[in-house]
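Notes to accompany the following structure.
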Amino acid sequence: MDFRFDLISEYSSFFLKGTMLTIGLSIASILFGTILGLLIGLGKMMKNNFLAQPFAWYIVFFRGTPFLVQILLIHFAVVPLFLGKTNAIVAAILALSFCSAAYIAEIFRAGIQSIDRGQMEAARSLGMNHLQAMRYVILPQAFKRMIPPLGNEFIVLIKDSSLAALIAAPELMYWGRAMQGQYFRVWEPYLTAAVIYLLLTLSLSFLLTKLERRLATG
Amino acid sequence: MIKVRNLKKSFGHHEVLKNINVSVQPQEVVVVIGPSGSGKSTFLRCINLLETISDGHVYIEGIDLADKKTDINKVRTEVGMVFQQFNLFPHKTVIENIMLSPMKVRKVAAEQAREKGLALLRKVGLEDKADAYPDSLSGGQKQRVAIARALAMEPKIMLFDEPTSALDPEMVGEVLEVMKQLAKEGMTMVVVTHEMGFAREVGDRVIFMDGGFIVEENVPSELFENPKEERTISFLSKVL
């Protein structure tokens, strides 16, 4: 088997473009997904069962259906419904955000509920209202515990962004497939894509480990 | 100062408190004793509404906690609480634990809060631990910090919920010593405890609870030497 590095270097500008879009999709989706996830997590924790129900359904739907189905649905049905025509990048960001938000909501809820009840009681007994107790006592502790599972979720999100290739968003995997089509080679494009994804996910876990260390106490 | 009238508390169908009536005068130290499950902790937690009141009234300086319009956060700033499990904030240093609520609730300036916090730490003998994290402290030290933290809000009443029950035996003394000091300074205190020595020595009045009722209450010497009720006699015979 001959491995053609020259083909990879010939195609490098496309890989670079694709990688940039993969990073862009991932960052945008991590941001939107986290914010949406927090809101849905809070929604699901509401004491009023009636109001909490829709948030629970949201999580059931997005955790219970394949991401491929979601991205196709959003690309071909949802986005055209609102924008008139579809847009692969918008659809990819929406699908990634919506899907990760379901998982992040559960991570958020688990993080808050894992904090001992006594912490809330101590804060309230000192005269803090619910919001202050959440902000100064519960959330900082919950956030620290949420970092490892959030890191997992972000890594899944980066990898799932490769499915945007199927709706022709010109990200990394899209160019990998294009290169395979152009040169009729399989090892070079897919291994290159794999290595780049690996670099992205490893950098992210490195950053998260550093953050976790910085927040460590005692 | 504290007036409890016909207080009832149920968890589901289980009635934990059945018609409790107590008055606590300013500067009085009331010690609540009784077997596990007698409702004494629940009673204490009703005094700052950590448990909702099912029926009846709790008045703190005339303010009715059972009234839905009462601003409970305001009342709680006047009622400090110390928990069995300390409940220090593990993500904050000792001094930050103490400063947090005065700064956020009472809007005290950081510098002032710090000064006050250090003074309180000196009082409980832990000034050198100001910048330590709670995890590095012993149980007795944690509980003393928790007392200092509650005192930082300058409460008029202090509630103690089995403050020494989670401690190793050799650390009980240092916590009781701080509480004794506090009583001597005239703090109004309600203490739920199994420390009969403390009840006898520091308490102005001892309340014996069982089965959700106050079975007997009296000055410590009388209650311990001359218990009148059958259940008090049987309980004391087991713990003394």
Side-chain angles (χ1 to χ4, degrees), chain A residues 34 38 41-42 45-52 104 107-151 207-218, chain B residues 41 44-45 47-51 71-94 96-108 129 131-137 142 145-146 148-155 157-161 166:
Chain A
T34 303
L38 297 186
L42 282 176
M45 276 189 291
M46 278 191 295
K47 284 209 185 85
N48 185 330
N49 232 335
F50 190 72
L51 293 175
I104 289 169
I107 291 170
F108 188 65
R109 189 174 63 91
I112 287 177
Q113 289 177 348
S114 75
I115 303 299
D116 183 63
R117 213 167 58 114
Q119 292 288 308
M120 178 56 94
E121 290 184 350
R124 297 304 302 272
S125 80
L126 287 163
M128 286 183 230
N129 61 36
H130 187 82
L131 214 67
Q132 289 171 323
M134 271 295 192
R135 180 167 161 205
Y136 301 117
V137 177
I138 306 296
L139 287 180
Q141 296 182 59
F143 180 64
K144 221 167 69 183
R145 292 192 193 173
M146 281 156 49
I147 294 172
L150 272 181
L207 286 176
L208 287 165
T209 312
K210 261 182 80 166
L211 178 65
E212 207 176 337
R213 273 211 206 111
R214 246 189 60 187
L215 291 174
T217 53
Chain B
S41 279
L44 192 74
R45 290 159 58 85
I47 300 179
N48 68 354
L49 221 61
L50 280 184
E51 300 293 351
D71 179 359
I72 185 61
N73 296 320
K74 193 138 179 269
V75 176
R76 283 181 181 143
T77 61
E78 309 287 344
V79 184
M81 181 142 186
V82 175
F83 300 85
Q84 182 178 351
Q85 297 298 337
F86 327 125
N87 295 343
L88 294 179
F89 307 138
H91 61 303
K92 296 195 173 292
T93 62
V94 164
E96 286 169 349
N97 261 276
I98 298 174
M99 292 160 64
L100 181 65
S101 212
M103 283 171 63
K104 301 304 177 190
V105 178
R106 289 222 196 271
K107 311 290 179 201
V108 176
K129 296 289 185 189
D131 295 314
Y133 280 97
D135 277 349
S136 66
L137 304 182
K142 281 182 194 168
V145 172
R149 179 176 69 175
L151 290 175
M153 289 300 281
E154 304 185 340
I157 299 166
M158 283 286 281
L159 308 176
F160 292 85
D161 188 2

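In what follows, every chain begins at residue 1, and chains take the letters A, B, ... in the order their sequences are listed.
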Can you name the nearest heavy-atom pair linking [X] to [Y], along with the distance?
X: K92(B); Y: Y136(A); result: CE-O, 3.7 Å
X: L126(A); Y: S101(B); result: O-OG, 2.7 Å
X: S125(A); Y: N48(B); result: CB-ND2, 3.8 Å

Exercise. Checking F83(B) against chain A: side chain, backbone, both or neither under 4.5 Å from a heavy atom?
Worked result: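 For F83(B), the side chain is the part near chain A, not the backbone.
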Problem set entry | chain A contact via R45(B) - which portion, at a heavy-atom distance below 4.5 Å |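 Contact with chain A: side chain only.
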Problem set entry | Polar side-chain atom of H91(B) near backbone of L215(A) as donor-acceptor pair, under 3.5 Å |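 No; zero donor-acceptor contacts below 3.5 Å.
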For this session: Output yes when a side-chain donor or acceptor of Q85(B) lies under 3.5 Å from a complementary backbone atom of G118(A), and no otherwise.
Result: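 It does not hold such a pair.
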Between [X] and chain B, with a heavy-atom cut-off of 4.5 Å, which part of the residue counts as in contact: side chain, backbone, both or neither?
X: N129(A); answer: both
X: E121(A); answer: both
X: R117(A); answer: side chain

For this session: Output, in order, the C-alpha distance, side-chain angles, deciding distance and verdict of side chain to side chain contact (heavy atoms under 4.5 Å, CB included) for L100(B) and M128(A).
Result: CA-CA 10 Å; L100(B) 181 65; M128(A) 286 183 230; 3.4 Å; yes
Exercise. What residue in V75(B), L159(B), L88(B), V82(B) has the most heavy-atom pairs under 4.5 Å with chain A?
Worked result: L88(B)
